[in-house]
Amino acid sequence: MTRGFAVLIAAALGLAALARSGAAEAAATPWQEAKGASARLVTAVDGTGGLAEIPAGLHIRLDSHWKTYWRSPGDAGLPPALDWSGSNNLGTPTLAYPAPHRFQLFGLETYGYETEVVFPLTLPVAQAGQPQHLSLAATVLVCSDICIPASFSFTLDLPAGAATPDPDSANLINRYANAVPGDGSAAGLAIGPVAATEKGLRVEATAREPFEAPDIFVEGAPGDAFAAPRIATSEGGRRLVAEIDRIQAADPPSALAGSPVTLTLVDGPRSVEAKATVGPAVAMAPDAGAWLGILGVALLGGLILNLMPCVLPVLSLKLLSIVKLGGVEAGGRMPRRQRLGLLATAAGIVVSFLALAAGAIGLKAAGASVGWGIQFQEPVFLAAMAVIVTLFGCNLLGLFEVTLPGRAMDAAARASGTGRPEKSGLAGPFLTGAFATLLATPCSAPFVGTALGFALSRGPAEIGAIFAALGLGMALPYLLIAAVPGLARLLPRPGRWMVWLKALLGIALFGTAAWLLSILAVQVPPAAAAAVAVVLVAIGLVLWLRRRGGTAVRRIGAAAAVGLALAAVLLPLRFDRSDAATPQAASAIPWTRFERAAIPGLVREGKVVFVDVTADWCLTCKVNKLLVIDRDPVAAVLGEAGVVPMLADWTNPDQAIADYLAAHGRYGIPFNAVYGPGAPDGILLPELLSTETVLDALAKARGASS
């Protein structure tokens, strides 16, 4: 409706620019007076010309302290009633409603307008080029201390001549047409999940710019009535969660879960309207039992994270640290230093998760978007991680033993694990756990997404508790071996094979560095990634030469390695990210660029939309593509006519994708959803895909169109 008005009135204004200065004003009836209000019928043009539709408006001015009503008036009132009987050459008119305001009086809540309102009208011309006779009987309920039906009768003739526009009338109609809630894309608003609660509804929404004075109007089944929302905002005011009580139920009462509702979110001049199906009931404030369940999900998610493809590069570090346990004494006793090493690694994991929690809390407080693994969207972070894993690999290959003065030398030697076992400290195992966590963050394992979705939509206490549980889950293997040392006896005994294993694991870490550079090459110009790669090779060469030289060479080599490492980290800052090349991955699937606003229109056309939110740094995403999405029969179905596969590439920061994820209560990827006539609100898929799951969702989304 709004888009049609924009087109019509843009055309009218364009014609106005070409019209001579003495052109007649657009057609309008005289003002008619009634108690509490006056009204007129106005059109943007004074003739039908070649138009198929005439933009018009029912213009109402209200006396002080009087108001009139929206299409859903609330606890009392009636919407406007229009009768076009007696009109000629008129198709079926449509009336639109600008975003309403909430009024409270004597405990009643009503929705409508005060001072002035124009109800935009679309008046189809049944026979183009012919005159149109308009006859309108309008009844509008206006209220102050009392309510009175104000009746108006308008007649207006539009000749068949040129459709000469009037800019003032066109602008007036267009101003109110733009206030009609749309899909929110222009306003930067999006309504997310809608779920039932014990008392009513829980609604989530996001905004491109911070909310100022949001309000939500709910239209449910006839007879249902809802109170004003209780709204809490977060992420710098860009996200809200509203609790809306149902204060009156239809007769007979029906469960809200599974029922359709229409939601209108109004925030000053911005508004959005969305139809949704209420999701299953949720508890707004989890009790102790529910909290234990959520923490259990987080614990299990952290444990499973150890097995996910995105953590495979970390397994080299884990395996070597476990093998180094070596001598478990008779009777299953473990030397104290080995147990402390395991506990230090576990502490490194947990502390790193708490640091991530603190970062998420800080970002939310600052109004920034938060998500699991979004640090992999930053070139400096990628370069730093590439340097770190390269140094780890060089250490495993025996290319360096840090020789710094005094305490720094001792700490570095202990951290690298190259010192004598009896003198090895806890810094190395602790850093192993920290780096393992950083490399694990591109992945959203089963249960991790559920836990993160709950945590990141809530406050600092919930975020801290759930991130701690995730870290504890990931650290469980270390804690288990430390608690039951006899398990270590199942591992191979130390021997010469460890030398070969160290070399193999070092090469695996170089492979991890190459993977990080491949991601960097997507975010900055390839020349920048190549320069970082050259510097990493130079670091390895310097460390090799340093090991073979004397004391002076070693000192110079150490300084050179530190300088090269710093240069590798800072190199991406010298390049503009906008110059990065956009790779076109070869695929038999006809992917289109993700466009959230286009999804409802495609569904109305009877099409099925498959959304894949992915990133080059998400290894689980790549596994999903390799094993499910890019293979038949899924690939064949995605290539069929009537199926629109949308690719949302989150390798680089993209606020539209972040808002889309947040609207679904998700903060990590992979994320996949399927929309269609049978599932207009979308079917959300699990993090790890299976062929059966995807095909079932596509079939359900087809619904009536199959």
Side-chain angles (χ1 to χ4, degrees), residues 312-321 323-324 376 379-405 408-409 411-419 424 427-428 431-432 434-436 438-439 498-575 617:
L312 287 177
V314 184
L315 292 181
S316 59
L317 303 177
K318 293 185 177 183
L319 180 58
L320 187 60
S321 67
V323 169
K324 282 184 177 179
F376 277 74
V380 170
F381 175 83
L382 290 170
M385 291 301 297
V387 169
I388 290 170
V389 295
T390 297
L391 291 175
F392 263 82
C394 290
N395 175 249
L396 288 175
L397 294 180
L399 295 185
F400 77 97
E401 293 177 359
V402 180
T403 55
L404 298 173
M409 182 187 70
R414 288 194 300 269
S416 67
T418 58
S424 293
L431 290 176
T432 297
F435 294 143
L438 288 177
L439 286 173
M498 291 184 62
V499 177
W500 296 102
L501 178 62
K502 289 177 65 175
L504 179 63
L505 298 180
I507 294 172
L509 285 176
F510 293 146
T512 302
W515 168 66
L516 291 167
L517 290 175
S518 71
I519 302 171
L520 181 64
V522 180
Q523 301 184 5
V524 296
V532 174
V534 169
V535 175
L536 294 182
V537 173
I539 290 174
L541 180 61
V542 166
L543 292 175
W544 180 76
L545 293 172
R546 174 183 174 276
R547 184 171 180 80
R548 294 175 173 271
T551 303
V553 173
R554 290 180 181 179
R555 290 178 178 175
I556 295 173
V562 171
L564 288 171
L566 183 61
V569 172
L570 298 180
L571 261 174
L573 295 177
R574 297 184 58 84
F575 294 84
W617 42 261

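Owing to the predicted nature of the structure, the values given are computational and were not obtained by experimental measurement.
The minimum heavy-atom distance linking Leu564 with Ile539 is given by the pair CB-CG1, 3.6 Å.
With sequence neighbours left out, the side-chain contact (heavy atoms from CB on, under 4.5 Å) criterion links Leu570 to Leu566, Leu573. For Ile556, there are no side-chain contact (heavy atoms from CB on, under 4.5 Å) partners two or more places apart in sequence or in a different chain. Applying the side-chain contact (heavy atoms from CB on, under 4.5 Å) rule to Ala383 yields the partners Pro572; only residues at least two apart in sequence or on another chain are considered.
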